[in-house]
Enquirer: 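If you scroll down you'll find the structure; I have some questions about it.
Not measured: the values here are computed from a predicted model.
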Amino acid sequence: NASIVAADIDGGSNDNCGIASIAASMTSFDCSNVGANSVTLTVTDNNGNVSTCSTTVTVADTIAPNAICQPVTVQLNATGNASIVAADIDGGSNDNCGIASIAASQTSFDCSNVGANNVILTVTDNNGNVSTCSTTVTVADTIAPNAICQPVTVQLDATGNASIVAADIDGGSNDNCGIASIAASTTSFDCSNVGANSVTLTVTDNNGNVSTCSTTVTVQDTIAPTAICQPVTVQLDASGNASIVAADIDGGSSDNCSIASLS
């Protein structure tokens, strides 16, 4: 609001016998009157004679809006993206003559923005005055990675050992913001593990979210034993018979996972 008195638009009105009163046709103004307004000055002399003149009262709004910000947290989606609109960070901005527009300096976010981001809100009122405020848009990635396992078969070596790396049981794990690490619960195997072994794959994404899956690591021993013979001499007994056991002709047979029997 704004107001005038008649004297504000009187540029020196006069009369031969003196002026009794001056009056303005309009003395109160508001936001709807911003700009040029035609106002009439009525001058009455001491003897009742009246004259008028017209002038312009220009109403100006130079008060900047009150920009009020609020922080906001947004979650990245499955594609690693998130967005806001200016209203999300507007904490109740206001102006004496109304707000024409609000705009945020940044509205789109991706994995590179995880954490705190400084964003500026620009508030423009209906008469072109501008104010800004700054707030924090926190971008969060709470989507766990997609852990995908695949089975694998490994062969024991000549020493009775075998090993895998986590990548061997990874069937294409993925995440909206990328994978930081993969780990297998068991990577080393020996003769005691021949057969099916349940192994867990742990997948951690770049923002600390974790998922797991389970698969089977089949351990096989396909290395034949090394059979070593030695000669032996036996004596027939009084009945003309003699016998041996297998161990008598074993010259040190061996195997990577031990020998079950000799015959």
Enquirer: With rounding to the nearest 0.5 Å, note down the distance linking CG in Asp205 to OG in Ser173.
Expert: 11.5 Å
Enquirer: Test Thr124 against Ile99 for side-chain contact (heavy atoms from CB on, under 4.5 Å), laying out the working first.
Expert: CA-CA 6 Å; Thr124 304; Ile99 293 174; over 6 Å; no
Enquirer: Do the non-hydrogen side-chain atoms of Gln220 and Val154 ever get within less than 4.5 Å of each other?
Expert: no
Enquirer: Which atom names give the shortest non-hydrogen contact between Ala144 and Ser211, and what distance separates them?
Expert: CB-OG, 3.3 Å
Enquirer: What I'd like to find out is whether the side chain of Phe29 reaches to under 4.5 Å of the side chain of Asn1, using heavy atoms alone.
Expert: no
Enquirer: What's the spacing between Thr216 OG1 and Asn197 CG if we round to 0.5 Å?
Expert: 8.5 Å
Enquirer: Quick one: pull up SG in Cys111 and CG in Asn207 and give me the separation to the nearest 0.5 Å.
Expert: 7.0 Å
Enquirer: When you measure from the side chain of Asp157 to the backbone of Ala162, do you find a donor-acceptor pair of N or O atoms at a distance under 3.5 Å?
Expert: no
Enquirer: Quick one: does Gln155's side chain have a donor or acceptor within less than 3.5 Å of a partner on Val219's backbone?
Expert: no
Enquirer: Between the side chain of Asn176 and the main-chain N/O of Thr79, is any donor-acceptor distance below 3.5 Å?
Expert: no
Enquirer: Any side-chain heavy atom of Thr215 within less than 4.5 Å of one from Pro151?
Expert: yes
Enquirer: For the CG atom of Asn117 and the OG atom of Ser112, what is their distance to the nearest 0.5 Å?
Expert: 8.0 Å
Enquirer: Quick check: are there more than 12 heavy atoms from other residues, nucleotides or ligands sitting under 6.0 Å from CG of Asp237?
Expert: yes
Enquirer: Could you go through the side-chain contact (heavy atoms from CB on, under 4.5 Å) check for Ser253 and Ile259 one step at a time?
Expert: CA-CA 8 Å; Ser253 301; Ile259 294 174; 3.8 Å; yes
Enquirer: If every non-hydrogen atom of Leu121 is compared with every non-hydrogen atom of Cys69, which pair is closest and at what distance?
Expert: CB-SG, 3.6 Å
Enquirer: Side-chain contact test, heavy atoms from C-beta onward, threshold under 4.5 Å: evaluate it for Asp141 versus Asp175 and give yes or no.
Expert: yes
Enquirer: Side chains of Val203 and Val210: closer than 4.5 Å at any heavy-atom pair?
Expert: no
Enquirer: Indicate if Leu76 and Val72 have the same hydrophobic cluster label, given that clusters are the connected sets of ILVMFWY residues with side-chain heavy-atom separations under 4.5 angstrom.
Expert: yes
Enquirer: Could you tell me whether the side chain of Leu156 reaches within less than 4.5 Å of the side chain of Asn256, counting heavy atoms only?
Expert: yes
Enquirer: If you look at every heavy atom in Ser28 and Asn33, which pair is closest and at what distance?
Expert: O-OD1, 4.3 Å
Enquirer: Within the structure provided, determine whether Ile249 and Ile244 are in side-chain contact (heavy-atom separation under 4.5 Å).
Expert: yes
Enquirer: Looking only at side-chain N and O atoms, does Ser198 offer a donor or acceptor that is under 3.5 Å from a partner on Ser214?
Expert: yes
Enquirer: Given side chains that start at C-beta, do those of Val199 and Phe189 come closer than 4.5 Å, heavy atoms only?
Expert: yes
Enquirer: Are Ile148 and Ile182 connected into the same hydrophobic cluster when the rule is that any two of I, L, V, M, F, W, Y join if their side-chain heavy atoms are below 4.5 Å apart?
Expert: no
Enquirer: What is the distance from atom CD1 of Ile120 to atom CG of Asn118, rounded to the nearest 0.5 Å?
Expert: 6.0 Å
Enquirer: Are any side-chain N or O atoms of Asp221 and backbone N or O atoms of Ile223, one a donor and one an acceptor, separated by less than 3.5 Å?
Expert: yes
Enquirer: If only atom types and distance count, is the side chain of Asp110 paired as donor or acceptor with the main-chain N or O of Ser108 below 3.5 Å?
Expert: no
Enquirer: Any donor and acceptor pair, going by atom type alone, linking the side chain of Asn77 with main-chain N or O of Asn81 inside 3.5 Å?
Expert: yes
Enquirer: Go through it in stages, so that I can follow the logic: the residues are Ile143 and Asn209, the test is side-chain contact (heavy atoms from CB on, under 4.5 Å), and I'd like the CA-CA distance, side-chain angles, deciding distance and then a yes or no.
Expert: CA-CA 7 Å; Ile143 297 179; Asn209 300 299; 5.7 Å; no
Enquirer: Atom OG in Ser163, atom CG in Asp168: separation rounded to 0.5 Å?
Expert: 8.5 Å
Enquirer: Could you walk me through whether Thr107 and Val85 satisfy the side-chain contact (heavy atoms from CB on, under 4.5 Å) test, starting with their C-alpha distance in whole Å, then the side-chain angles of each, then the deciding distance to 0.1 Å, before giving a yes or no?
Expert: CA-CA 6 Å; Thr107 57; Val85 292; over 6 Å; no
Enquirer: Looking only at non-hydrogen atoms, find the nearest pair between Val137 and Phe109 and report the distance.
Expert: CG1-CZ, 3.8 Å
